[in-house]
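Below is one structure, written out as structure tokens; the observations come after it.
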Amino acid sequence: MAWDERQRRMLEAMGIRLWAPAVREAREEVEDREEVEEGEAVEAASAEAAAETLRRQARVGSVGSPGPASKVAAAPPRAEAAPPAALDALDWPALRAAVAACTGCGLCATRTNTVFGVGAAGAQWMVVGEAPGEQEDRAGEPFVGKAGQLLDRMLRAIDVERADDDGEPGRRAFICNVLKCRPPGNRNPTPDEVRRCEPFLRRQVALLQPRIVLALGRFAVQALLGSDEPIGRLRGRVHRYEGRPLVVSYHPAYLLRNPADKARAWDDLCLARETLAAAVADAPP
Ligand code: URA
């Protein structure tokens, strides 16, 4: 996919500069692939290729970002938080590329990979955690560590998977985080990082249009509901986010430390499943 003029302007407005050589190189990579791939797969690849080219250039310092030697000492120039209106123009591949190229906060200086999210584009479930940890940063995929394994088991218990395929939408989850980059040392996200990254999440919701959102832990709740209330006070009922039903539950990392609350988490999953079933019955896809 080549970004059209409007999308290019939006990306640049967000502080994501599209240097002509990077774009040209990305296009050439895509053209090579077009010989063997067609349709949407190429669209996704082109956005990814553009992002990868930008990332590669950032790593070697050819676009003004620090090279590996200066990575920690000098953070790349900050962009302002992406204005939500700018993101509104982006489709899924362009949004993924925008996340991959983001320098909106200092976390870009220490990340290995951005973590956009994983799952089927048609998933009816959207599961939102806090931020990538060390393993997620390395893998570029959310929830791959111990907490992720627990999450997968919990979802499987209600017959839901993160599989990236065309399976039954009601049994597919898209899993992502509030922050797309790892806070060093797994520290908590700062309010500024949440504020800058939240528009990406909002756009993900707008594009995915999940029928149920499951917010795990206090940072997901703060970002999605703007509430500082403890999870224990917010769980057990259905909230709304951008008009979509949202259920609050404990973060799986918390559940690893507090297994006694797993029974409550199970109740939350059941509530989410019932809420989804009711939403689909009211308005079939
Ligand atoms: N914790 C999270 O909130 N997200 C991850 O991706 C991993 C651990």
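Every number for a ligand or one of its atoms is a count from 1 in the order of the listing. Everything quoted here is computed from the prediction, not taken from an experiment.
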- Message: Can you list everything that forms a salt bridge (Lys or Arg N to Asp or Glu O under 4.0 Å) with Arg237? Sequence neighbours excluded, please.
- Response: none

- Message: Show me which atoms of ligand 1 lie under 4.0 Å from any heavy atom of Pro142.
- Response: 6 (O)

Give every donor-acceptor pair under 3.5 Å between a side-chain atom in residues 268-285 and any protein atom, sequence neighbours left out.
residue: Asp268; atom: OD1; partner: Arg235; partner atom: NE; Å: 3.0
residue: Asp268; atom: OD1; partner: Arg235; partner atom: NH2; Å: 3.0
residue: Asp268; atom: OD2; partner: Arg235; partner atom: NE; Å: 3.1
residue: Asp268; atom: OD2; partner: Ser249; partner atom: OG; Å: 2.6
residue: Thr275; atom: OG1; partner: Leu271; partner atom: O; Å: 2.6

- Note on the structure: Contact region, Ala147 to ligand 1, non-hydrogen atoms below 4.0 Å, reads neither

- Applying a 4.0 Å heavy-atom criterion (strictly less than), which segment of Glu130 is in contact with ligand 1: side chain, backbone, both, or neither? both

- Message: So if I apply the side chain to side chain contact (heavy atoms under 4.5 Å, CB included) rule between His239 and each of Leu225, Val221, Leu224, Val247, which one comes out positive?
- Response: Leu225

- N-O pairing of Asp166 and Arg172 below 4.0 Å: no

- Is His251 in contact with ligand 1, taking contact as a heavy-atom separation below 4.0 Å? yes

- Task: Tell me which protein heavy atom sits closest to atom 4 (N) of ligand 1, plus the residue, atom name and distance to 0.1 Å.
- Result: Asn177 OD1, 2.7 Å

- Query: Which atoms from ligand 1 have a heavy atom of Ala131 less than 4.0 Å away?
  - Reply: 1 (N), 2 (C), 3 (O), 4 (N), 5 (C), 6 (O), 7 (C), 8 (C)

- State yes or no: are the ring centers of Trp92 and Phe174 separated by less than 6.0 Å? yes

- Query: Considering only heavy atoms of Gly129, which atoms of ligand 1 have at least one such atom less than 4.0 Å away?
  - Reply: 3 (O)

- Distance-only polar pair, side chains of Glu134 and Asn186, donor-acceptor under 3.5 Å: no

